[in-house]
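Reading through the structure tokens given below for one structure.
Throughout, a chain's letter reflects where its sequence line sits, starting with A, and its residues are numbered from 1.
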Amino acid sequence: MISKSISGRNPEEIKSALDKIRSDEGFVPTLAVVFISVKQDREAIIRILKAENIDVIGATSSGEFINDHQSEGEIAMLLMDIKPEYYSILFCDTKNKDLVQAAKEATDFAFSKFKNPAFILCSSCISISGVVLDGQALIHTIHKRAGKRVPIFGGMAGDDGTMAGTFVFSNNESSDMGFVMLIIDNHKIELHGTAISGWKPAGKVRTVTKAKDAWIYSIDDQPALDMYLRYLGQSLNTGEDRSIFREDISFFYPFLSFGAGEPQLRTPLEVNHENNSIKLDFAIPEGKQLQFTLPPDFDIVETVLESADNLKKNQQAGADALLIFSCLGRRWALGPMVEEENNGLHKIWKAPMAGFFSYGEFGKGVNSDDTFHSTTCSWVALKEK
Amino acid sequence: MNQYLEAIKKLVEENSLLTAAEREAFVKAILSADKQWSITDFKLDRTEKVKRTTAILLEETIEELEQKRKAVEETNAALKKTLDDLKAAQQQLIQSEKMASLGELTAGIAHEIQNPLNFVNNFSEVSAEMIDEVAEAAGNSPVALELLRDIKENLAKINHHGKRADAIVKAMLQHSRPTFGERRDTDLNALCEEYVRLSYHNYRSRDQMFQAEIDIILDPAVETVNLIPQDIGRVIINLMNNAFYFAGNMGRDKAGPVSGDVNKIIVTTRRNAGTIEITVTDNGTGIAAKNISKIFQPFFTTKPTGQGTGLGLSLAYDIIKAHSGELAVRSTEGAGSTFTITLPA
């Protein structure tokens, strides 16, 4: 399998890049994995790809990148000449459908196509109306149906950090509430990858004493927002834009939530000064425990790369293509080092790479079976057998 | 891009002395330096930010832990106190149980002894009377009269000691018999004063040489207390008798004070929150530590045979318990003792 990654500031640049690789290198892709800013014309991109008979699976991004190039507000894609019989694309709009039911049907569909399917999964995160897709339920359902060992990698769509509406799409469909799956025949294409966070718990374990849905009103019987800001030594003016809260504070300091499985990171997205509450990306119910966290040390980049290198050596794996789903929080917390992380993975696997900054990641953790994350760098290398 | 590096880059790009390859190499190096610069800059900035956060988080957590520590300490102290109280209560309970069973045993024995003792006493009296009649009948036989006189003296001794045994048995029976007195609101100060005086006179009637200085310090706030006056009076008499006895055994001159060293008894009353307290303090021989736990047991006495039944304090203990109160003792050997009665107000 041959792959190429391209990027562009607009659909025209993408068209030119496509034409160039086709004419210069004779490369005829069959599939494109597209990561695109919400500011861009998604329809135009889909039209271009459809005109070239290229299947599309895509998600909007909060910054996108390919080999040695990172951008914001642009378009990045990984093109592959994967044989059509090795993959299938399934799009599920969950606006009027139960997510769990849709996930069950999608998994059943995958098994009807291939005996051993693997998944590249992109889902929406927040809809235009503000509804957050339950990534945990989506993954839990697929795993329950398909087993824990089935490979799943991917990310939740972004929207340039605005939290105003994220989208996933395929050749013919698009939605701000749903998911799109690239179902791969795992007999023909092998997948290797992992997800690493690096955020560290800090301070004592506390209890959510009042919460409703994704809003937390009190922690250890203290007003949630006051406590969050006070303990982190932060301040926030009432008039400040909520994106400042996310970029300056909450993406740096998500909560570690303790539930039934592995602890999960949960990121505050909004605040309400009137009732001193915090809205998280995913709910931590009343009575559950949480802990403050501190962002990763600077050596997390080396840790991620070492882990990839070890995996490559231990499993004697190779790659024809590389996809990276990196949490937007990493972009704020690691600054320019996040490029080192993404490009470092590209250099290790020596394969064309594309990725985007996401609002949630799918991928097997290094030391756990959990597959839905926040703050991780989740990457997957694809190799035709 | 860093402004200084940008200026250098511009100079390099405009420098016609360099070849294109050299320019490209320089620009690449400058771009690389700029990247490293921005990473270092970011690291410094983030380190400062996270350092501040970590310090505050640590400070807040330490403060919180300190509060928790204090709370745990307070809880520990409360628990320790509860444990001590529990242990004391347990000790008291054991003591009470012991006393109760001893009391029952004592009453049982006393009841069994009482009847044969009645026979001893009654028949010794009757026999004495009969000897008088036999003496009249015997006429003037000196031998017979001598023998009869001896028998009568023997009977008198039997009767004397039988009466003594009877007194002991009666005292023992008081442990088990229900009191016939009724509770009534009583002026406790007046009661104390009356029984203290009474006990002193009684004691003096038995030992006319004995003298003591008695201080009665009464708290007017005590007022009336609901109790059985005869029973509490009995307790006061028993405590006073003990105090007189042990004060009088210090080897002091019983006839009077010598160099200010006198037999001294202090009786006090006091109203506390929810309780009334009566104390009887003497400057007598005190109680040996090994005997402290035994003094309320029936028949325990350190007095010589014939001078104490060992039932006075035991009876006092029972009476106070029956009033839902406590009888406690503090004593220093060689310096005296204080008995404290605590009654519900």
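For B:Lys49, the parts lying near chain A are the backbone and the side chain together; criterion is any non-hydrogen pair under 4.5 Å. Contact annotation for B:Glu64: only side-chain heavy atoms (C-beta onward) come within less than 4.5 Å of a heavy atom of chain A. Only the side chain of A:Leu294 comes within less than 4.5 Å of a heavy atom of chain B; its backbone N, CA, C and O stay farther away. For A:Asp297, the part sitting under 4.5 Å from any heavy atom of chain B is the backbone (N, CA, C, O) and nothing else.
Between A:Trp349 and A:Trp379, the ring planes lie tilted relative to each other; the angle falls in the 30° to 60° range. Taking the six-membered ring for Trp and thresholds of 30 and 60 degrees, A:Phe292 and A:Tyr231 have nearly parallel ring planes, at less than 30 degrees apart.
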Worked verdict on A:Tyr217 versus A:Asn275 for side chain to side chain contact (heavy atoms under 4.5 Å, CB included): CA-CA 7 Å; A:Tyr217 297 95; A:Asn275 59 17; 3.5 Å; yes
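Side-chain rings of A:Tyr228 and A:Phe255 approach one another, their centers coming within less than 6.0 Å.
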